[in-house]
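Naming: A, B, ... by sequence-line order, numbering from 1 per chain.
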Number of protein chains: 2
Amino acid sequence: MSVAQPDQLPHSDRQRVRVWLRLLKVTKIVESVVRENLRAEFDTTLPRFDVMAALYRFQDGLKMSELSAALRVSNGNVTGIIERLVTDGMVLRVPVEGDKRATLVRLTKKGHDEFSKMAEAHARWVNEVLADLTPEECEQVIGILDVVGRSHKHTAEVSDHD
Amino acid sequence: MSVAQPDQLPHSDRQRVRVWLRLLKVTKIVESVVRENLRAEFDTTLPRFDVMAALYRFQDGLKMSELSAALRVSNGNVTGIIERLVTDGMVLRVPVEGDKRATLVRLTKKGHDEFSKMAEAHARWVNEVLADLTPEECEQVIGILDVVGRSHKHTAEVSDHD
DNA sequence: GGAATTAATTTCAAGCTTGAAATTTCATGC
DNA sequence: GCATGAAATTTCAAGCTTGAAATTAATTCC
């Protein structure tokens with residue numbers, strides 16, 4: 001963060017770096033609010049929340065590789081998080097018929113119900129932090145940032161139609 | 001990510017959540033590009049880069065607490081990163097006169113030179129990822145996101161005049 | 001000046017994260 | 001059918017991250 005920029009950079013280039021720093025700043029603020037509240041009110045973590053959010057959206061379950069792709073995190077990462085969620089009875093592992101390598105993971109009833117509550121609170125927290133943004137401004141930001149990543153490899157993911 | 005929203009939410013509230021998800025998405029993309037390049041080209045990590053960036057900006061050095069506040073990370077976190085940077089000769093610890101509790105950390109000559117190179121490359125990478133954003137769009141995003149965090153406690157930081 | 005509070009930092013356990021290597025299973029070509 | 005390579009996942013070490021507890025030093029308040 002706060003990276004000094006050489007003077008010889010064109011103005012437009014420097015501006016893009018400023019955009020990046022601003023994005024990072026806002027993201028960190030929202031993340032820390034959500035993390036603190038998840039811990040205080042639901043005794044859980046942000047990564048666990050992210051995993052459950054993905055599984056909530058794809059109710060039929062996701063393969064481990066689909067899950068890590070959707071969350072844009074490394075492959076081995078998800079293994080540990082799912083492990084703990086299974087221990088807590090939030091997630092179920094289902095063997096994929098016809099492919100003994102893969103496993104499907106999905107929310108249990110308990111996990112589904114628990115996430116419903118978390119999602120509602122999450123929307124509240126986010127709205128508090130972003131309260132100063134008008135609907136028009138939201139529209140603009142969404143529209144402008146839509147193009148980013150289009151030409152990037154990481155765009156290959158599980159139907160991320162946010 | 002991709003958090004389902006109850007239907008009873010007002011449109012404007014749902015929009016703010018969408019803004020948040022979009023921010024998160026773009027941030028993750030840029031972060032992963034920067035991380036991969038830092039590792040490949042400079043054999044270092046994003047957290048180390050962030051610390052060095054803060055120290056590059058504040059050439060007179062920062063106290064540990066100022067550093068963690070500037071980076072918006074927990075207090076104990078910085079300790080380990082600085083430790084490794086000191087080992088690598090990038091950072092120097094200087095005792096604060098008149099206060100035996102605090103320490104000042106600052107870049108060494110080696111750290112300064114190394115970061116100069118990294119900063120230039122960093123600007124290049126960011127511009128590649130955000131290439132599709134026009135100067136006008138950059139201006140808009142910067143302006144709109146400027147208000148976020150103003151009323152938040154985390155706004156109390158070391159002169160973050162991005 | 002001594003006790004209690006506050007401040008700056010480190011230590012620590014638990015969990016997260018990556019990237020690489022290892023494992024197991026599937027698919028393909030011969 | 002058998003080898004070879006690709007695919008899905010786990011394992012692992014190293015480093016990052018948090019929040020809480022511990023440590024040490026400064027400040028404040030009788």
- Query: Are B:D88 and B:R48 within salt-bridge range, i.e. N to O under 4.0 Å?
  - Reply: yes
- In whole Å, what is the span from the CG atom of B:N37 to the C1' atom of C:dG19? 15 Å
- Note on the structure: Letter by letter from the 5' end, nucleotides 8-18 of chain D scores (B base, S sugar-phosphate only, - none; protein heavy atoms under 4.0 Å) SBBB---SSSB
- Message: Looking at B:R124 and A:D13, is any side-chain nitrogen of the basic one under 4.0 Å from a carboxylate oxygen of the acidic one?
- Response: no
- Item | Residues B:D113 and B:K109 bridged, charged N to O under 4.0 Å | yes
- Considering non-hydrogen atoms only, spot the tightest contact between B:G61 and B:R106 and give its length. CA-CB, 3.9 Å
- Message: Parallel, tilted or perpendicular, judged at 30° and 60°: which one describes the rings of A:F115 and A:F49?
- Response: tilted
